Amino acid sequence: MLEIHSPVGKVSVAMGETCILEGINLRKWFPVRGQGACLKALDGVSLRVEKGQTLGIVGESGCGKSTLGRVLTRVHEPTGGTLLFHGRDVTSLRGRDLIPFRDRVKMIFQDPYDVLDPRMNVREIIEEPLLIRRVYPSRQGRTQRVLETMERVGLSEDYLDRYPHEFSGGQRQRIGIARSIVLNPELIICDEPVSALDVSIQAKIINLLKELQNSLNLSYIFISHDLGVVKHISTHVMVMYLGRVVEAAPKEDLFASPAHPYTRALLSAIPDFKDRTKQGAPLTGEIPSPINPPPGCRFHTRCPQAQGICTEQDPPARPLGNGGFCACHFC
Ligand code: SF4
């Protein structure tokens, strides 16, 4: 059972029972220097990731989805809320206590070049987590593990001694993925992993992630601004707007019957979205500042269906009957 917390109460939604990661009412506020205010990047987000699921998280730039990824991996400390890993509270763990969590939950980034040390060759990049965690004491064992992992992600062993600058974007992403899976994680948070790649390469990386999910029994959180990509890989989808979740549902339901006006507007941006009757008007205007979000429904300044109540009252999260929910007064 999933409890969705919103500022106006909470609802319980039936979900699977093999929960890996659960966030409850997570907040991440960044103080704005000199203004005495906070940028509310994440403002009361709850979610639950089940074993074998791929939870897609979508929304425009600035909706808080990347901040959520960093809070879920404890790269960012949450300002408030609770993070549970297999039911254990990991919200405040520090130092060595956090290592088992960090071994099991990994992250893949948009541009692996940002996280691959240019002074390290492929062998060193993939081997480093094994050395830090002392998983394979012998060099021979580590080399074997590195080669196995490279084969899994489609990298030739001829690349062992090459450096990141010698590779294409797609190959660099494969190196980043190899480093993420070498310790056998359980959950990988993919933050816009294909946004910087050509469309043909995007498909190959998505297919690789799917293959790895099947062969390694992985679960994913897949963060993207691109609903088309999310549709391809996800089993469930969560839509974020201005630091909050506005709709969550199994993928088929969300694309067949989008409930929230913001979801419908996002769908209108998918070129091959077939059912035009389900899409909303395209989005206009800018996303408001998360330093001073609009009162009532945060989407009311851009919503074509906004009414008086929307400017005054925060809409509650209402169950949709498919295990998901929608935060709109008129869902
Ligand atoms: Fe639009 Fe009102 Fe629903 Fe918000 S609560 S999405 S403004 S109709």
Side-chain angles (χ1 to χ4, degrees), residues 2-13 25-27 29 39-47 55-65 67-68 223-228 230-231 234 236-270 273 275-331:
L2 166 61
E3 286 188 339
I4 310 288
H5 296 248
S6 82
V8 288
K10 62 185 181 185
V11 293
S12 296
V13 180
N25 207 15
L26 292 170
R27 281 179 288 129
W29 295 4
L39 188 155
K40 296 171 181 172
L42 214 58
D43 201 19
V45 168
S46 297
L47 59 79
L55 175 63
I57 300 180
V58 294
E60 294 165 283
S61 178
C63 71
K65 56 191 187 301
T67 302
L68 176 60
I223 297 167
S224 178
H225 68 282
D226 186 337
L227 262 171
V230 164
K231 185 181 181 189
S234 303
H236 294 71
V237 181
M238 206 168 92
V239 182
M240 288 187 66
Y241 186 77
L242 214 52
R244 297 250 177 95
V245 182
V246 296
E247 182 170 359
K251 174 185 71 177
E252 288 76 15
D253 294 328
L254 187 121
F255 282 90
S257 307
H260 197 281
Y262 180 60
T263 310
R264 293 201 291 270
L266 288 180
L267 287 178
S268 71
I270 304 181
F273 185 59
D275 191 347
R276 294 287 162 202
T277 62
K278 298 282 174 30
Q279 72 178 34
L283 281 168
T284 55
E286 295 292 315
I287 190 166
S289 167
I291 297 174
N292 189 19
C297 174
R298 294 182 175 202
F299 187 52
H300 84 253
T301 56
R302 303 168 79 195
C303 180
Q305 294 166 34
Q307 299 188 30
I309 187 176
C310 306
T311 61
E312 294 158 10
Q313 292 182 27
D314 213 342
R318 299 175 196 274
L320 289 174
N322 57 13
F325 71 94
C326 171
C328 168
H329 290 298
F330 306 103
C331 277

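Atoms within a ligand are numbered from 1 in the order they appear, just like the ligands themselves. Just so you know, these numbers come straight off a predicted model, no measurement behind them.
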For ligand 1, indicate whether the residue His260 contacts it via side chain, backbone, both or neither (heavy-atom separation under 4.0 Å).
->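 The side chain, only.
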
Heavy atom under 4.0 Å from ligand 1: found in Tyr262's side chain, backbone, both, or neither?
->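 Neither part.
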
Against heavy atoms of [X], which atoms of ligand 1 measure under 4.0 Å?
X: Cys303; value: 1 (Fe), 6 (S), 7 (S), 8 (S)
X: Gln305; value: 8 (S)
X: Phe330; value: 8 (S)
X: Cys310; value: 2 (Fe), 5 (S), 7 (S), 8 (S)
X: Pro261; value: 6 (S)
X: His329; value: 3 (Fe), 5 (S)

Is there a donor-acceptor pair closer than 3.5 Å between any side-chain N or O of [X] and the backbone N or O of [Y]?
X: Arg302; Y: Thr284; value: yes
X: Lys65; Y: Ile57; value: no
X: Arg244; Y: Asp43; value: yes

Among all protein non-hydrogen atoms, which one is nearest to atom 4 (Fe) of ligand 1, and what is the separation to 0.1 Å?
->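 Here the nearest protein heavy atom works out to Cys297 SG, 2.3 Å.
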
Apply side-chain contact (heavy atoms from CB on, under 4.5 Å) to the pair Ile287 and Tyr241, showing each step before the final yes or no.
-> CA-CA 9 Å; Ile287 190 166; Tyr241 186 77; 4.0 Å; yes

Any side-chain heavy-atom pair of Val237 and Lys231 under 4.5 Å =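 No, their side chains stay 4.5 Å or more apart.
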
Could you give the distance from CZ (Arg264) to CD (Gln305), rounded to the nearest 0.5 Å?
->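 One finds 4.5 Å between CZ of Arg264 and CD of Gln305.
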
Return yes when at least one N/O/S atom of Cys328 is nearer than 2.8 Å to atom 2 (Fe) of ligand 1, and no when none is.
->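 No, outside the cut-off.
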
Quick one: which residue pairs count as a disulfide (SG to SG under 2.5 Å) with a foot in residues 285-321, not counting sequence neighbours?
->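 Of all non-adjacent pairs touching residues 285-321, none passes disulfide (SG to SG under 2.5 Å).
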
